[in-house]
Each structure stands twice: as C-alpha cells, then as structure tokens.
Amino acid sequence: MFISAGDVVPSFKGFTLIMPAVSVGNVGQLAVDLLISTLNMPRVGYFHTDCLIPMVGNNPYATSTEDAAQLSTSAEVYSHNDLKLAVLQIRTPIIQTKVRSFRKLIVSWIKSSGFLRSVLLSSSHAYQRDDQQLHGTPLRYLLSPSLQKEEGQRVEELGWREMERISMFPGISDSEQRLYIPGGGVTKALYTDCCTEDIPMAVVLIFCSEGDNIPDAFALINHLNDWFHLLEKPTQGSVQWRVPPSWRLLFGSGIPPLLF
C-alpha cells in the first residue's frame with residue numbers, strides 16, 4: 001500500500017514511473033540511485049507491504065547533517081513534477097512466498113495512479129546468454145503491446161536491440177521460443193502481467209555478472225537517458241551523474257585501522 005510522506009497525496013496522472021527489479025548485481029537499484037541523486041528528487045511516499053524484507057536506515061541521498069537523520073525504508077517513492085517523473089526505489093529482496101502478491105500490488109498501484117508509462121530497470125546473468133545474445137551491446141529492451149504502439153518506432157530509431165526469445169528445446173527444435181531472463185528476479189513475470197493488463201511497460205536491462213556493478217549502472221542509466229532525455233548530454237563528453245553518498249559504503253566500511 002502506498003502511503004504519502006506529506007499531508008497531500010501526490011497525483012501521478014500522466015507521469016512516467018521508473019522502478020528497479022531486484023536482479024543480478026542490483027544494477028537497476030544502482031541506476032535508480034543515480035537518477036534520484038542527480039535530479040535531487042524529494043521523497044513523496046513509501047510502500048507499506050509485508051512482501052519485502054523489512055529495512056530501515058539513514059537517508060542514502062543526504063547532502064547535509066540534517067538530511068542524514070532522515071530514515072529510509074525498503075521501498076520509497078520519489079517525484080520530479082517538472083519532468084513528470086516518479087521513481088520507486090526498492091532496497092530489499094521480495095520474500096519468496098510473496099512474489100505474486102508483490103506483483104499484484106505494483107500492477108494495482110500503476111493502474112490506480114494513472115501513469116502514462118512504466119519502465120522496469122533490470123539485469124540478467126551474462127554467463128547464461130545464448131549464441132545470438134553474445135554479439136554487440138549487452139543492453140536489451142522489451143515493450144508491452146500497448147507501449148509498442150506509442151514508442152516502438154522511437155526505440156527502433158535509437159537502434160536498440162530487443163531481448164531475444166530463445167528456443168525452449170535448444171539443439172532439438174527452434175519452433176518454440178520463450179522469453180528467458182535468468183537472474184532477472186520479478187522482471188519476466190511483471191512484464192507479462194503488464195502485457196496481460198494492457199499496461200504500457202518497458203523493460204530496459206543489461207547482461208552482467210556479480211561484482212563491481214557500478215559501470216553497469218552507469219551504462220544502464222545512460223541508455224535510458226538516450227530515450228527519455230532526463231538530463232541533456234553536453235556537446236562533448238557524457239552526462240555527469242551524481243553519485244549518492246551511500247555508495248561510499250557499497251563494499252563495506254573498510255578495514256578498521258585499530259586492527260593494526
């Protein structure tokens with residue numbers, strides 16, 4: 001259930017929603033971090049649900065001592081009214097037995113909020129690509145039928161590659177194809193839900209491996225920016241995304257000097 005952070009419940013009618021899938025390397029979540037931090041997006045609400053592992057911590061986007069005292073939870077919503085952009089950041093895994101309930105919650109919220117379109121940022125295991133997926137860029141996309149009508153031509157003009165369907169029975173028969181996103185968490189199921197419910201949904205994902213996934217996050221958010229122009233590219237060089245302060249602890253707090 002969405003709960004507003006203020007007295008007035010925000011309206012998202014006509015907005016674009018961007019959210020991450022909890023997937024391999026947490027690339028979608030890192031990309032969303034860059035977006036919230038760079039655009040300095042205020043928090044407008046959060047999700048109260050038993051589908052996610054509970055979490056509470058300091059404000060990951062704090063720019064001052066006062067901001068740092070703000071508490072953050074497992075799922076929060078940020079908004080940028082001028083860009084008509086809403087971002088749902090998910091910080092903890094979905095409880096395995098409640099995946100279907102979580103999908104229903106998200107689909108219901110998207111429909112009731114009146115979003116113009118939704119974008120799911122995700123990732124998939126690089127080592128499980130088939131032969132056709134080994135060539136060229138590691139970035140892929142999917143569009144639901146209702147969004148394909150609106151944005152299909154634009155995405156083709158960008159030269160993006162659609163996520164390939166692979167054979168259900170490799171080496172035996174190529175007649176039956178399926179969508180396969182290993183390591184993508186809820187990506188495939190949520191995309192399928194949106195197709196069924198006629199919700200305009202895009203999936204933008206990257207093939208990657210576990211490790212230092214910061215470069216993957218930059219690649220994913222730059223790829224998305226080519227489509228939505230959330231930040232204008234300078235004439236020379238690339239978009240300068242602002243890294244949130246919380247990334248200093250991405251690999252732990254280091255070795256305590258008192259050990260030596």
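Values in this document were obtained by computation on a predicted structure and should not be read as measured data.
- Between Ile221 and Ala31, the shortest heavy-atom contact is CD1-O, 3.8 Å.
- Not a single side-chain hydrogen bond (donor to acceptor under 3.5 Å, both in side chains) links Ser37 to another residue, sequence neighbours left out.
- A continuous path of Ile, Leu, Val, Met, Phe, Trp and Tyr side chains, each step under 4.5 Å between heavy atoms, connects Val155 with Ile18, placing both in one hydrophobic cluster.
- Residues Thr92 and Val22 share a closest heavy-atom pair of O-CG2, 3.7 Å.
- Scanning all heavy atoms of the two residues, the minimum distance from Leu34 to Pro244 falls at CD2-CD, 4.4 Å.
- For the pair Pro138/Cys208, no side-chain contact is recorded, criterion being any heavy-atom separation below 4.5 Å from C-beta on.
- Atom CZ of residue Phe207 and atom CG of residue Asp216 lie 12.5 Å apart, to the nearest 0.5 angstrom.
- The backbone N or O of Leu139 sits less than 3.5 Å from a side-chain atom of Thr137, completing a donor-acceptor pair.
- Within the structure, side chain to side chain donor-acceptor pair (under 3.5 Å) pairs that include any residue of residues 198-209 do not occur (at least two apart or interchain).
- For the atom pair CD1 of Ile110 and SG of Cys194, the computed distance is 5.0 Å after rounding to the nearest 0.5 Å.
- By the criterion of side-chain heavy atoms lying less than 4.5 angstrom apart, applied directly or through intervening Ile, Leu, Val, Met, Phe, Trp or Tyr residues, Val204 is grouped together with Leu231 in one hydrophobic cluster.
- Here the options are Gln128, Glu164, Arg129, Lys188, the test is side-chain hydrogen bond (donor to acceptor under 3.5 Å, both in side chains), and the partner is Tyr180; only Gln128 passes.
- Leu71 belongs to a hydrophobic cluster whose remaining members, ordered by chain and number, are Val56; membership requires side-chain heavy atoms of ILVMFWY residues under 4.5 Å apart, directly or through intermediates.
- Criterion: ILVMFWY side-chain heavy atoms under 4.5 Å apart, direct or through other members. Under it, Tyr141 and Phe228 are part of a common hydrophobic cluster.
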Practice prompt. For Phe47 and Leu105, run side-chain contact (heavy atoms from CB on, under 4.5 Å): C-alpha distance rounded to whole Å, both residues' side-chain angles, the deciding distance at 0.1 Å, then the answer.
Written response: CA-CA 10 Å; Phe47 269 92; Leu105 172 70; 3.9 Å; yes
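- Between the Ser124 side chain and the Pro182 main chain, a donor and an acceptor come within less than 3.5 Å of each other.
- The closest side-chain heavy-atom distance from His223 to Ile206 is not below 4.5 Å.
- Leu88 contributes atom CG, which lies 6.5 Å from atom CG of Leu17 (distance to the nearest 0.5 angstrom).
- Under the side-chain hydrogen bond (donor to acceptor under 3.5 Å, both in side chains) criterion, Lys111 pairs with Glu197, sequence neighbours left out.
- For the side chain to side chain donor-acceptor pair (under 3.5 Å) condition, the pairs that include at least one residue of residues 19-36, sequence neighbours left out, are Ser23-Ser123, Asn26-Gln29, Asp33-Tyr61, Asp33-Gln89, Asp33-Trp247.
- Closest approach of Ile95 and Asp50 over heavy atoms only: CD1-O, 3.4 Å.
- A distance of 4.5 Å separates CE in Met19 from CD1 in Ile106, rounded to the nearest 0.5 Å.
- Counting all heavy atoms, side chain and backbone alike, Gly25 lies closest to Leu30 at O-CD1, 4.0 Å.
- With a 6.0 Å radius and a threshold of 12 heavy atoms from other residues, nucleotides or ligands, His229 has its NE2 atom above the threshold.
- Across all their heavy atoms, Arg91 and Glu76 have their closest contact at NH1-OE1, 2.8 Å.
- Applying the side chain to side chain contact (heavy atoms under 4.5 Å, CB included) test between Val203 and each of Leu143, Leu142, Leu190 identifies Leu142 as the sole match.
- In the displayed structure, Glu150 atom CD is contacted under 6.0 Å by at most 12 heavy atoms of other residues, nucleotides or ligands.
- For Glu157, the CD atom sits in a packed shell: over 12 heavy atoms of surrounding residues, nucleotides or ligands are nearer than 6.0 Å.
- Under the 3.5 Å distance criterion, the side-chain polar atoms of Ser108 are left unmatched by any main-chain donor or acceptor of Lys104.
- A distance of 13.5 Å separates CZ in Arg43 from OG in Ser79, rounded to the nearest 0.5 Å.
- Cluster membership for Met55 and Val87, using ILVMFWY side-chain heavy atoms within less than 4.5 angstrom, is not shared.
- Under the side chain to side chain contact (heavy atoms under 4.5 Å, CB included) criterion, Pro10 pairs with Phe2, Ser4, Phe12, Val44, sequence neighbours left out.
- Residues Leu179 and Val24 do not share a hydrophobic cluster, clusters being chains of Ile/Leu/Val/Met/Phe/Trp/Tyr side chains in contact below 4.5 Å.
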Fill in: CA sep, side-chain torsions, deciding dist, call: Tyr78, Leu85, side-chain contact (heavy atoms from CB on, under 4.5 Å)
CA-CA 8 Å; Tyr78 299 79; Leu85 178 70; over 6 Å; no
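- Rounded to the nearest 0.5 Å, atoms CZ (Arg100) and CD1 (Ile94) are 13.5 Å apart.
- A donor-acceptor pair is defined here as one N or O able to donate and one able to accept, closer than 3.5 Å; no such pair exists between the side chain of Thr38 and the backbone of Leu35.
- Put simply, the side chain of Leu158 reaches to within 4.5 Å of the side chain of Trp227, judged on heavy atoms.
- Using a cutoff of 4.0 Å between basic side-chain nitrogens and carboxylate oxygens, Glu151 and Arg117 are scored as salt-bridged.
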